[in-house]
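Just so it is clear: chains get the letters A, B, ... in the order the sequence lines come, proteins before strands, and each one is counted from 1.
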Amino acid sequence: MELPIRLSKESREPIYHQIEEQIKALIAGGQLPAGTPLPSIRVLSKELEISVITTRRAYQNLEYQGFIRTTQGKGTFVAEIEASKKEEVTVSAVYQAIEKAVETALRHDYTLEQIEAVFQEIIASLKEKGGHDDDGKMD
Amino acid sequence: MTMEKWIEINRLKKNVDDFQLGPIDLSFEASTITAVVGNNGAGKSTLLKVLMRLAAQNEGEIKVFGQLIDSEAEGWKKRIAYLPQTLVGCDSFNGNQLRELVSKWYPTWDQSLFEQLVEMYQIPLTKKYGKLSQGVQQKLNLALTLARDAEILILDEPTAHMDIPSKQLLLDVIVEWMERGEKLIIISSHQAEDIRKLADYVVVMKEGQLLGKFEKEELTSQYKQYWMEDSLPNEPIPGVIERKNERILVSKCAEETESYLASKQLKWLRAKNLEIEEIITYMLIGKAS
């Protein structure tokens, strides 16, 4: 199957790491349930226009961390993973996104106090719009 | 996953009139696809022909599956399928006759793959080769070459005359072919898409010389263009290969350039990685097109 992976070639984050993180997010978010077959290394490399060396590295890391498993002659599949591990991925994705936003502000010479104020403003305006229910999910 | 060297080229030299190829040291590993690129007359086809023993080298040696190819034993030849740019002496045969000739020679011939390709490309097998258009000739050659199902596939500009959908189809065919077992492909091509979608490694040749063999991301992650916030001082900057104006620069070694810029507190507004065809252009003519 085709994976909705989008690489940012501008990012300083290595390509193999971007693939790893995005596949983890798809697994943690339930879009790729356990047992889902993943594209072969060669097919994914063609789709993403990268070498098999890079794709293999991402798959090896994912396998090592228990997110996927490869069966000789059958292919690569999403592994059964615990709820706590999924939670871990989600939490780390949220932290990373916010960290990135803070870094952007710092690059534009914002102080930490100013950044805090921006955050509060954004959250206040979201609350006002009522776009969130109690458990924080978007409508 | 083995990374066994299936082809090894050592200190290879070949003279053709006043053109000199090499010296070239190069190897190709199992399970990889390598694109050979270079300007016209760089020696790509000559290199592939020497590799196929269609021309003899002046110096150096080539080993295929660990065996020197100028020895008497020619068993290695059946393990390589080679697609030349032009097929000579076939004009009076039709596709069926050519299939009969080729399939006898290759014990690994896969008739169903041949039929699949003929069907996919709608190749007429009863028409004489000489009467086919260049694009259809190329498709027939490909079907005859891929169906040999050899371990090594060497393609010399396979898509040069093909229409856009045929080129797209071939990309998938090649990917599927790679997964039939342990395989190795060397493809000489001027098509950026072949390189982007198929190549793991890129071999760059210029005027008979080998500029290098690079892992694709080794190139695409290092060549970058920067738009600077302010005009730059006129001193040399590590890694920089071109300054388009006082605020735009191009680097072939992003790490070196970025650490220098950071040390001088020079900030950039935006950085962009170059496309593989831009990188190759820099390597071959030293500047952007």
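Taking 4.5 Å as the limit, some side-chain heavy atom of A:Ile50 sits within range of a side-chain heavy atom of A:Leu7.
Interface summary for chain A: among B:Lys272, B:Glu215, B:Arg270, B:Met178, the most heavy-atom pairs under 4.5 angstrom belong to B:Glu215.
Donor-acceptor pairing under 3.5 Å is lacking for the side chains of B:Glu29 and B:Tyr201. B:Glu278 and B:Gln225 share no donor-acceptor pair across their side chains, judged by distance under 3.5 Å alone.
Ionic pairing of B:Glu277 and B:Arg196 is present here: one or more N-O contacts between side-chain nitrogen and carboxylate oxygen are shorter than 4.0 angstrom. Classification of A:Lys85 and A:Glu88 as a salt-bridged pair fails, no side-chain N sitting under 4.0 Å from a carboxylate O.
Contact of B:Thr220 with chain A is not made at all, since no heavy-atom distance falls under 4.5 Å.
Residue-level contacts of residues 255-266 of chain B with chain A, in order of numbering, are B:Glu258; threshold 4.5 Å between heavy atoms. Using a 4.5 Å cut-off between non-hydrogen atoms, the part of residues 151-175 of chain B that approaches chain A consists of B:Leu171, B:Asp172, B:Val175.
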_Pair B:Tyr282, B:Glu242 - check side chain to side chain contact (heavy atoms under 4.5 Å, CB included), show working._
CA-CA 9 Å; B:Tyr282 272 108; B:Glu242 192 188 12; 2.5 Å; yes

Is there a side chain to side chain contact (heavy atoms under 4.5 Å, CB included) between B:Ile9 and B:Phe28? Walk through the geometry before answering. CA-CA 9 Å; B:Ile9 299 173; B:Phe28 300 93; 4.2 Å; yes

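The environment of B:Lys206 atom NZ is dense: over 12 non-hydrogen atoms of other residues, nucleotides or ligands sit within 6.0 angstrom. Within a 6.0 Å radius of OH in A:Tyr110, other residues, nucleotides and ligands contribute 12 heavy atoms or fewer.
Formation of a donor-acceptor pair under 3.5 Å by the A:Arg42 side chain with backbone atoms of B:Ser31 is found in this model.
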